[in-house]
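Proteins come first, then strands; the chains are lettered A, B, ... in the order of their sequence lines, and each starts at number 1.
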Number of protein chains: 2
Amino acid sequence: MNPAMTPDAEMGHQAAGETALTNGPATGGDSDDLIELLFFAYRDFVGDPDRILAQYGFGRAHHRVLHFVDRYPGLTIAELLDILRITKQSLNRVLKDLIDQGYVEQQTGTSDRRQRLLFCTPSGRALTADLTRVQVRRIVRALDAPAEDEETEGGRGTRAASAQDFLLAMIEPAERAAIRRLMARRATVRA
Amino acid sequence: MNPAMTPDAEMGHQAAGETALTNGPATGGDSDDLIELLFFAYRDFVGDPDRILAQYGFGRAHHRVLHFVDRYPGLTIAELLDILRITKQSLNRVLKDLIDQGYVEQQTGTSDRRQRLLFCTPSGRALTADLTRVQVRRIVRALDAPAEDEETEGGRGTRAASAQDFLLAMIEPAERAAIRRLMARRATVRA
DNA sequence: GAAGATAAGTCAGTGTTGTTGACATATCTC
DNA sequence: GAGATATGTCAACAACACTGACTTATCTTC
């Protein structure tokens with residue numbers, strides 16, 4: 001469930017190619033790294049709750065519904081559809097699961113009785129809190145992590161550099177070395 | 001393809017709840033917002049290339065393969081599997097598409113003839129460049145965006161605040177107002 | 001109060017992308 | 001030559017998205 005990208009050794013500092021030396025307007029070079037880091041960071045970020053959800057037979061779609069209903073109690077179906085950008089049919093499938101199993105409740109709208117206002121039940125709130133906890137833990141860890149100390153640069157301060165630090169710190173620690181190694185390899189191949 | 005979350009009006013500044021007032025270690029409160037912003041930012045971030053890919057009959061899976069093969073020419077199947085964390089069978093389906101349509105080429109490994117080294121063809125590089133361009137554009141725009149100027153706070157400097165700024169700026173501009181409005185609504189409901 | 005718009009729910013079919021499990025083939029290593 | 005490794009493939013299945021068509025309840029408007 002949690003293999004490093006390549007099964008070999010560690011590596012403290014990267015070879016430091018053209019990474020984050022700019023201070024003016026952002027350049028494409030920084031962004032290239034950010035594209036990749038976003039992929040890895042987001043993957044690990046949703047991976048945490050995925051493991052919990054699997055125990056309940058739920059998936060990411062259920063998570064998204066739980067999250068928004070928990071955070072915005074009384075959300076209507078239409079609002080939820082706008083947020084998630086999925087079709088009514090897709091939403092209904094997972095929403096039905098959550099309602100049938102007692103994690104979400106519907107309540108007829110007061111001003112407009114056509115609407116179905118969505119609320120988490122106590123167990124829905126508990127499950128959501130579980131899911132939120134692991135994600136918050138990862139984010140807090142990333143925000144508190146010391147800035148990457150690259151030999152090629154003293155001060156740091158570029159926004160791209162901060163973003164890189166944050167996203168890198170969001171990645172599962174055990175995999176960071178492998179990802180740094182991979183990204184250094186790119187720096188080697190090109191300019 | 002690009003509807004705002006709710007079809008109504010604009011809104012300049014948010015009501016400013018407890019957002020980003022901390023300066024010490026990160027708190028859960030900041031992270032709650034970041035969880036949501038990550039969802040919206042990532043959604044729009046992958047939405048750009050999705051539109052291009054659809055014209056070729058490709059999906060996100062094809063994009064990921066193109067991206068990593070383009071960036072790390074000579075990647076082996078095993079390395080790609082480690083990066084993407086999918087099964088051989090899943091990879092093969094999309095990889096076959098890309099090879100059959102001439103966007104990716106295989107080359108028998110030199111030192112180890114069992115390996116298949118992956119390379120982008122010129123058209124593969126061109127397509128990848130297209131996909132990268134729209135993503136870089138969004139990232140550069142986000143990095144260059146002025147910091148959010150919340151009335152409740154002068155200096156800014158919290159890492160959580162920077163992360164929020166970055167992620168908010170990654171969101172499709174036309175939807176930002178609606179998302180700010182949504183998130184302000186949460187601040188109203190709770191403390 | 002009837003007509004039309006709107007919010008929600010549902011049935012049926014399809015596509016992409018992921019999964020398992022079981023094997024086949026070529027090549028390397030010992 | 002034996003066994004491990006890298007890749008490829010067949011078949012079945014699941015999650016989650018889609019389209020299109022239609023129903024029901026309720027609100028709005030004339």
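Going from atom CD1 of Ile86(A) over to atom C1' of dA8(C) covers 14 Å, rounded to whole Å. Atom CG in Asp50(B) sits about 12 Å away from atom C1' in dT16(C), given to the nearest Å. Taking atom CG on Leu81(A) and atom P on dT10(C), their separation rounds to 14 Å, with Å as the unit. Between the CZ atom of Arg93(B) and the P atom of dC10(D) there is a distance of 13 Å, rounded to whole Å. Atom-to-atom, CG of Asp97(A) to C1' of dA14(D) comes out at 13 Å; the value is rounded to the nearest Å. For the pair Leu91(B) CG and dG18(C) P, the computed distance is 9 Å after rounding to whole Å. Atoms CG (Leu66(B)) and P (dT17(C)) sit 12 Å apart, rounded to a whole Å. When rounded to the nearest whole Å, the span between CG of Leu53(B) and C1' of dT16(C) equals 13 Å.
Taking the centre of each ring, Phe119(B) and Tyr72(B) stay at or above the 6.0 Å mark. For an aromatic pair to be called close, the ring centres must be under 6.0 Å apart, and Phe58(A) with Tyr103(A) satisfies this.
Heavy atoms of Arg60(B) sit under 4.0 angstrom from primed sugar atoms or phosphate atoms, though from no base atom.
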For this session: Just do the side-chain contact (heavy atoms from CB on, under 4.5 Å) check on Glu172(A) and Arg138(A) with the steps written out, would you?
Result: CA-CA 9 Å; Glu172(A) 190 61 28; Arg138(A) 183 176 293 273; 2.5 Å; yes
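Between dT17(C) and His62(B), a contact under 4.0 Å exists linking OP1 or OP2 to a side-chain N or O. Side-chain N/O atoms of Arg64(A) include one lying less than 4.0 angstrom from OP1 or OP2 on dA17(D). Within the structure, every side-chain polar atom (N or O) of Ser90(B) is placed at least 4.0 Å from both OP1 and OP2 of dT17(C).
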All N/O donor-acceptor pairs, side-chain side in residues 86-93 of chain A, below 3.5 Å, sequence neighbours left out:
residue, atom, partner, partner atom, Å
Thr87(A), OG1, Ser90(A), N, 3.3
Thr87(A), OG1, Ser90(A), OG, 3.2

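Counting non-hydrogen atoms of neighbouring residues, nucleotides and ligands closer than 6.0 angstrom, the CZ atom of Arg113(A) reaches no more than 12 such neighbours.
A salt bridge does not link Arg141(B) with Asp144(B): none of the charged nitrogens is closer than 4.0 Å to a carboxylate oxygen.
Taking the six-membered ring where the residue is Trp, Phe68(A) and Phe40(B) present tilted rings, their angle falling between 30° and 60°. Taking the six-membered ring for Trp and thresholds of 30 and 60 degrees, Tyr42(B) and Phe45(B) have ring planes inclined between 30 and 60 degrees apart.
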Seminar exercise, completed: The contact string for nucleotides 20-30 of chain D, one letter per nucleotide 5' to 3', using protein heavy atoms under 4.0 Å with B, S and - for base, sugar-phosphate only and none, comes out as BB---BBS---
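Rounded to the nearest 0.5 angstrom, Leu127(B) CG and His62(B) NE2 are separated by 10.5 Å.
Leu84(B) is connected to Ile77(B) through a chain of hydrophobic side-chain contacts under 4.5 Å among Ile, Leu, Val, Met, Phe, Trp and Tyr, so both are in one cluster.
Among dA7(C), dG8(D), dC18(D), the nucleotide with an atom closest to any side-chain atom of Ile77(B) is dG8(D). Listed candidates were dG9(C), dA8(C), dT9(D). Nearest to the side chain of Gln106(A) is dG9(C). For Lys96(B), counting side-chain heavy atoms from C-beta on, the closest listed nucleotide (dT9(D), dG18(C), dC16(D)) is dT9(D).
Summary of helix geometry: the two end axes of the helix from dG1(C)-dC30(D) to dC30(C)-dG1(D), each defined by five base pairs via their C1' atoms, are inclined to each other by 30° (rounded to 10°).
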